[in-house]
Amino acid sequence: MIIAIDGPAASGKGTLARRLAGHYGLPHLDTGLLYRAVGRAMLDRGLPLDDAAAAAGVAAQLDLDGLDPEALRTGPVGAAASVVAAHPAVRQALIALQRAFAAQPGGAVLDGRDIGTVIAPEAPAKLFVTASAEERARRRFRELVGRGELADTPEGLAGVLADIRQRDARDSGRAAAPLKVADDAVTIDTTALGIEEAFAAALTAVEAHRP
Ligand code: DC
């Protein structure tokens, strides 16, 4: 069974994807890491993020085994990922790898922005995980403060909210595979849900669509 999970930044989709993968014993791919790896390589090489050809070249060389989630989860890398992810050539270069992951015998869990719409439209179970921008900003802020990347100030929180809004606008407004709810997806709004409640809702939705 393929489980496709999409949603905006800090909605809780990654946590739900990991939990569902553990529950069903399926491999999991956080596809944001692919775009983050491209963004990170562009920054490291001093290449402009709007150089679509260079970014597509980096994307074509990516190898799933070489991804380092910890190094890729920092704030500047997320913003760079959102910029390079808008280039159609970058998305194209990453499609085969994601589809091959989804097509593993037994299935897989993938989370991102276009899994249910572009990468695995055939997935029987599709979730769209969301939360208010304010709640997502609070979660991201707590995470950054916890990692010592940001001071615990109201200005810090306001800055994170502004970043989240900018990322939402870019990810939803782009022409190539924008973030949107697949017609047959179940939406889970985690604004007022704890992790266990969100997981229970996700499990119910997946069980209802299990082939
Ligand atoms: O989920 P994330 O925050 O790690 O993703 C980082 C960026 O990558 C996100 O802002 C948009 C892009 N992305 C995408 O365009 N398509 C995906 N399937 C996953 C991520």
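Order of appearance sets the numbers: ligands from 1, and atoms from 1 within every ligand.
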> Closest heavy-atom contact between Y35 and V84?
Replying inline: O-CG2, 3.8 Å
> Below 3.5 angstrom, do we get any N/O pair linking T31 and ligand 1?
Replying inline: yes
>> I'd like to know whether CD1 of I95 has more than 12 heavy-atom contacts from other residues, nucleotides or ligands below 6.0 angstrom.
In response: yes
> Of all the heavy atoms in R73, does at least one lie under 4.0 Å from an atom in ligand 1?
Replying inline: no
> What pair of heavy atoms forms the shortest contact from A93 to A60, and how long is it?
Replying inline: CB-N, 4.1 Å
>> Is R91 close enough to touch ligand 1? Criterion: a residue heavy atom under 4.0 Å from a ligand atom.
In response: yes
> What part of R174, side chain, backbone, both or neither, has a heavy atom within less than 4.0 angstrom of ligand 1?
Replying inline: side chain
>> Looking at D30 and K13, is any side-chain nitrogen of the basic one under 4.0 Å from a carboxylate oxygen of the acidic one?
In response: no
> Can you tell me which residue and heavy atom of the protein come closest to atom 1 (O) of ligand 1, and the distance to 0.1 Å?
Replying inline: R113 NH1, 2.8 Å
> Does an N or O from R167, backbone or side chain, lie closer than 3.5 Å to an N or O of ligand 1?
Replying inline: yes
>> Would Y35 count as being in polar contact with ligand 1, using the rule that some N or O on each side must be under 3.5 angstrom apart?
In response: no
>> Using salt bridge (charged side-chain N to carboxylate O under 4.0 Å, His left out), reason through E143 and R139 one step at a time and then give a plain yes or no.
In response: CA-CA 6 Å; E143 190 185 311; R139 291 175 189 167; over 6 Å; no
> Does E207 use its side chain to pair, donor to acceptor, with the backbone of T204 at less than 3.5 Å?
Replying inline: no
>> Counting only heavy atoms from other residues, nucleotides and ligands, does the tally under 6.0 Å from CG of D44 exceed 12?
In response: yes
>> With no hydrogens and no angle check, just 3.5 Å: does a side-chain donor-acceptor pair link H28 and D111?
In response: yes
> Quick one: which ligand 1 atoms are inside 4.0 Å of a heavy atom on R36?
Replying inline: 2 (P), 3 (O), 4 (O), 6 (C)
> Which atoms of ligand 1 sit under 4.0 Å from any heavy atom of A81?
Replying inline: 6 (C), 7 (C), 8 (O)
> Looking at atom 12 (C) of ligand 1, what's its closest protein heavy atom, distance included?
Replying inline: A85 CB, 3.6 Å
> With a 4.0 Å heavy-atom cut-off (strictly under), which part of K13 contacts ligand 1: side chain, backbone, both or neither?
Replying inline: side chain
